Amino acid sequence: MKLEILLAVVFGGSLLTYLLGKISKRARDILAILVLLAATAGIASLYGRSSTAILCTGFLDFPLVLRIHPFAWIFALTIAVVGLCAVIFSWHYIRKKGRTDFFYFMMLLVISSMIGIVLSGDFLSFYIFWEIMSWSTFLLISYNREEAIAAGMKYIVMSVAGSLVMLVGMISLYTQTGTLVFEGITRNLNSASSGYLQFILILFFVAFGIKNAIWPLHVWLPPAHSEAPSPFSSVLSGILIKIGTFGFILLIYGIVQVQVFVNLGHALFNVRNLLLLLGAVTILLPTFIALLQDDAKRLLAWSTVAQAGYMILGIAYGTSESLSGGTLHFFNHALFKSLLFMVVGAVEFRTNGVRDLNSLGGLIKKMPVTFAAGLIGVCGLIGVPLTNGFVSKWLIYHTLIVNHSPFLAFVALLGTWGTILYSYKLIHHIFLGQLPRKYEQLNAAPVSMKVPMIFLSLAVVVFGVLPGLPLHVINLSEIGFGMEPLAINMWGVVTGSGTIQMLNIATALTLGGIVLWLFFRMGRKNTRADQLDNYAAGAPVPADRYQYSVKFYDPLTSMIAPYLKDTADNFYSALARGIRNVGNGIRRIYTGDVGNYVMYIILFLAILIFIQLYWKVW
Amino acid sequence: MVIVLVLQILFVTLLSCLVGLFLIGLSRKMTARIHWRYGPPLSQPFIDIVKWFSQTAVSHGKLFDAGMIFSLTGSVVVVLFLPFGGICPLRGSGGLLVILYLMLIAPLGIALSAGEAANPYASIGVSRKLQLAFGYELSLLMILLSLMTYYRTVSIVDIVEAQIQSGWSLVQLPLVVSGLAYLLIMPAIMGIRPFEMIQAPQEISSGPMAEYGGKFLAFATLQHALNIYIGLSLFVNLFLGGGSNAGYFLIKLLLAFMVFQVIHAVWPRFRIEQAVRCLWRWPALLAFIGLIIVWVTTS
């Protein structure tokens, strides 16, 4: 499919969906799914292609260029597939709520603009799509009104700040190189000084870092993710913030070139080390903060911030193995995190909006499919072998260890161990433990929610066992960046200092599991017991009055909580307060009384005359 | 080739189970003797396993069963990754990093299985296990990173071979601090006193084990046996030079076990927050210094 047609289909499709919604709600839902199916098929057909298309030659005297290459392809495909899953998930979820036409329109618009961003070949079209994405995201975050408005405001203020910084960077690049087309910039940037390159990189890092929620630019993310409608949280967490990741890769590997990037600046104080440091902090702090959360979606949101740190670490490290790890982790994270938001969304849907982990429990008996999806999702998040997160994290750890950065590797590994704690908390509090009486009549998730959850769960497992599939595409994109590709096969990666071979691990785990299951079957048959029929050492467990998931990690969290103040958030709040006070001060001057303004003018003139008489300036 | 591999796998799995069960028996006997009691015979764990298998057990659901099988599978697979005195059936499949991750499966399986039981003691036990693991992983990760940085590999077989060439890691100058830190966290890894708060029989009725009876208890005991073996084997392979043959390896394993068993027999139990505080103080500090030393000397 041609790139122009692809964009026309998705953007036209979103408008058409909105209009069709005025006639028939059912037809609108089906059309939304069809549009994204077409987009998925269209993008899939572009596999392995590298081409450029001129969308329009003279928009404000700049050409608008579209291009496709393996690196854009994997992002575009992920966006389309996760978008499709989220739209299918919305079928039942959004029906209870109002303004559904608007919801579908914005949802498709966000997805279309993201596809637009990854397919852009110049900064102007990149910026246009970027702005469409930012504003439609704002409208969707604020969809639920009330608290969601505040969350949306926080998002859009930071987003606009990021866009402005990016605009400054673009203008500077244009004056320096005379073009906005990526290839032209790369060609003309060879002569640029190291200082200038670092300046440009930092400008764009602020813009992309806000989208990607790197510490200390992350503060918009936790409220936005928890207040947005759940299908959109999936999109937001799974792919939208990864557009920032895309920007990082594009800038470092596509425009500046990685050989230049790793040698920039002073040996210790350079932009690469700054990014690595921020990546490490982004892994560590949010992981610990996620431990303290009791709101399921907020916990996942903090986890998203932490996982973004892994991608930044992989991308900024600048070896082909680390880039593979970072990109693969983007891909994997998109699958398992959107899956997890759907799981929480399904629970929220059935329990009428309960997200508080302390008031759920035992739902495995009522929603077994949702539980299985959630379990696979958290396994992917932790990186349990046979799920996809394992390979991407392995690549990142391995490159950090063999290239002599043990402290970064330590932070990355420790982050994973924190992940286990909050992942288990999520699964345990929602699905395990005692089922409260009020949920005894709960129904399982509707089919429209099960289908995307099952699909994504399968994807998490398949790409965990066959990491060669995505790594093959990533290798193609690394060749496109002029880097040495990894030695991969279908089951894993071969390096000089350690290999990873999923075939062995998968065979051992499956065969071992089967043998032990048969062994287990050989024992005496067991009897089933009710949840209240359990051993309590002489102290019976009362039903419904016993919530033992509250303060699950209290001994640990009460120890670390004092050190985990979100200083960045406090700083921005103080800044906002300061600006408001200054604004209030300035407003006193503008009284609206003409007499006062005349007085100001006369005072100003008097000062000018005084200066002239005294110092003879003019 | 395939037959050799299959034989190796069977040999290592069975022998590690036997060793683990023997060590449980030995532990009970040693503790009893130090406490001036007679204690059960060494064969007691074997007798128990057979007995439990023939008893009717109570199950709380599908995950209750599956989690237990998953957990034991995880432990069995980890065993295949660890060199057993020159035999390592799954060498070249990812090395130490994979071992670290596979070691997660066993506690995760137990946690899921015990979670479905809806027993408050089981949940408290799991919560303690996860917190304790977080406590000692901080040091363990730094110790493993110092090893991997020092030997410049992620493969455990390579580390053992390097030690056969140049002597034990524990007595190599840059690694000795990390080795000391490892000694301090070993009781926590093995879950013995003073870090026994996960089971704490008198306090929370054996924690995660509270609901297990019959074949579940048999599986849980086998898993516990393998866990003891894995903890010791990792230490012996990484710091005591592994073994050039299986006998030599087992002797080192036994000696290391007896040292920690003496501590187990005479110490009281920490509370969980005391345990985490303790683990995050001296062992973490030592491990951090060790990592810095290795990092500086190898760069």
Side-chain angles (χ1 to χ4, degrees), chain A residues 362 364-365 375 382-385 390 394 397-398 401-402 404 406-407 409-410 413-414 417-418 420-421 424 427-428 432-435 492 497-501 504-505 508-509 512-513 516-517 520 522-529 531-532 534-537 541 546 548-549 552-553 555-556 559, chain B residues 53-61 63 65 69-70 72-73 76-77 80 90 92-95 97-98 101-102 104-105 108 111 115-121 123-124 127 130-131 134 137-138 141-142 145-146 148-149 152-155 205 210-211 214-215 218-219 272-273 276-277 291 295 299:
Chain A
I364 179 175
K365 298 269 192 319
L375 183 61
I382 298 170
V384 175
F390 174 62
W394 190 91
Y397 304 144
H398 183 255
I401 292 167
V402 296
H404 212 68
F407 293 100
F410 169 64
L413 279 163
L414 189 66
W417 261 260
I420 298 166
L421 264 71
Y424 183 74
I427 283 290
H428 174 267
L432 305 178
Q434 220 181 70
L435 179 73
S497 51
T499 52
I500 182 157
Q501 177 53 270
N504 290 349
I505 301 173
L509 278 173
L516 285 171
W517 177 68
F520 186 78
M522 274 161 46
R524 189 85 173 266
K525 203 168 162 17
N526 50 34
T527 53
R528 283 292 288 273
Q531 61 168 346
L532 293 174
N534 50 24
Y535 177 74
V541 182
Y546 212 75
Y548 45 86
S549 58
F552 197 59
Y553 296 129
L556 180 74
M559 208 185 312
Chain B
F53 247 96
S54 54
Q55 288 178 339
T56 310
V58 166
S59 166
H60 281 273
L63 186 69
D65 309 355
I69 298 171
F70 185 54
L72 190 55
T73 313
V76 168
V77 174
L80 302 181
L90 290 185
S93 304
L97 287 173
V98 176
Y101 266 88
L102 285 170
L104 288 176
I105 293 181
L108 195 65
E116 206 192 4
N119 187 319
Y121 294 130
S123 280
I124 294 170
S127 147
L130 291 171
Q131 292 174 66
F134 199 48
E137 287 295 344
L138 184 85
L141 291 174
M142 284 193 276
L145 281 167
S146 2
M148 290 190 272
T149 311
R152 296 220 167 211
T153 178
V154 296
S155 156
S205 313
E211 282 299 306
K215 57 186 177 185
F219 263 57
I272 179 68
E273 67 267 31
V276 176
R277 241 177 248 280
L291 185 56
W295 184 62
S299 62

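Note: hydrogens, waters and symmetry copies are ignored here, and every other heavy atom, side chains too, is used. Protein chains get the first letters and strands the later ones, always in sequence-line order, with residue 1 at the start of each. Note that the coordinates shown come from a computational prediction; the quantities given were computed from them, not determined experimentally.
Qualifying side chain to side chain donor-acceptor pair (under 3.5 Å) partners for B/Ser123, counting only residues two or more places apart in sequence or in other chains: A/His428. Every side chain to side chain donor-acceptor pair (under 3.5 Å) that A/Trp417 has, sequence neighbours left out, goes to B/Glu137.
Not one N or O on the side chain of A/Tyr424 forms a donor-acceptor pair closer than 3.5 Å with the backbone of B/Leu130. The backbone N or O of A/Phe552 sits less than 3.5 Å from a side-chain atom of B/Ser127, completing a donor-acceptor pair. Not a single donor-acceptor pair under 3.5 Å links the side chain of B/Glu211 to the backbone N or O of B/Ala117.
In terms of heavy-atom pairs under 4.5 angstrom with chain A, the leader among B/Leu138, B/Thr149, B/Ile124, B/Ile105 is B/Leu138. When B/Leu80, B/Val76, B/Leu102, B/Leu108 are compared by the number of non-hydrogen pairs under 4.5 Å with chain A, B/Leu102 comes out ahead. Per-residue heavy-atom pair counts under 4.5 Å with chain B were compared for A/Ile420, A/Val384, A/Ile382, A/Leu509, and the maximum is reached by A/Leu509. Between chain A and the options B/Gly61, B/Ala210, B/Ser146, heavy-atom pairs under 4.5 Å are most frequent for B/Gly61. Annotation: maximal heavy-atom pairing with chain A below 4.5 Å, among B/Leu104, B/Val276, B/Ile272, occurs at B/Leu104. The candidate with the highest count of non-hydrogen atom pairs below 4.5 Å against chain B, out of A/Ala508, A/Pro406, A/Gly433, A/Gly512, is A/Pro406.
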Exercise for the section: Show your reasoning for whether side chain to side chain contact (heavy atoms under 4.5 Å, CB included) applies to A/Leu413 and A/Phe410. Expected result: CA-CA 5 Å; A/Leu413 279 163; A/Phe410 169 64; 5.7 Å; no
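Considering all non-hydrogen atoms of both residues, B/Ile69 and A/Trp517 come closest at CD1-CD1, 3.5 Å.
Of the atoms belonging to A/Tyr553, heavy atoms from both backbone and side chain fall under 4.5 Å from chain B. Residue A/Leu556 touches chain B through both its backbone and its side chain, counting heavy-atom pairs closer than 4.5 Å. Interface remark: B/Tyr101 contributes backbone and side-chain atoms alike to the contact with chain A (heavy atom separation under 4.5 Å). For chain A, the nearby parts of B/Phe53 are the backbone and the side chain; heavy atoms of each come within less than 4.5 Å. Heavy atoms of A/Leu516 lying under 4.5 Å from chain B belong to its backbone as well as its side chain.
Remark: A/Ile401 CD1 to B/Leu97 CG distance equals 4.5 Å, nearest 0.5 Å.
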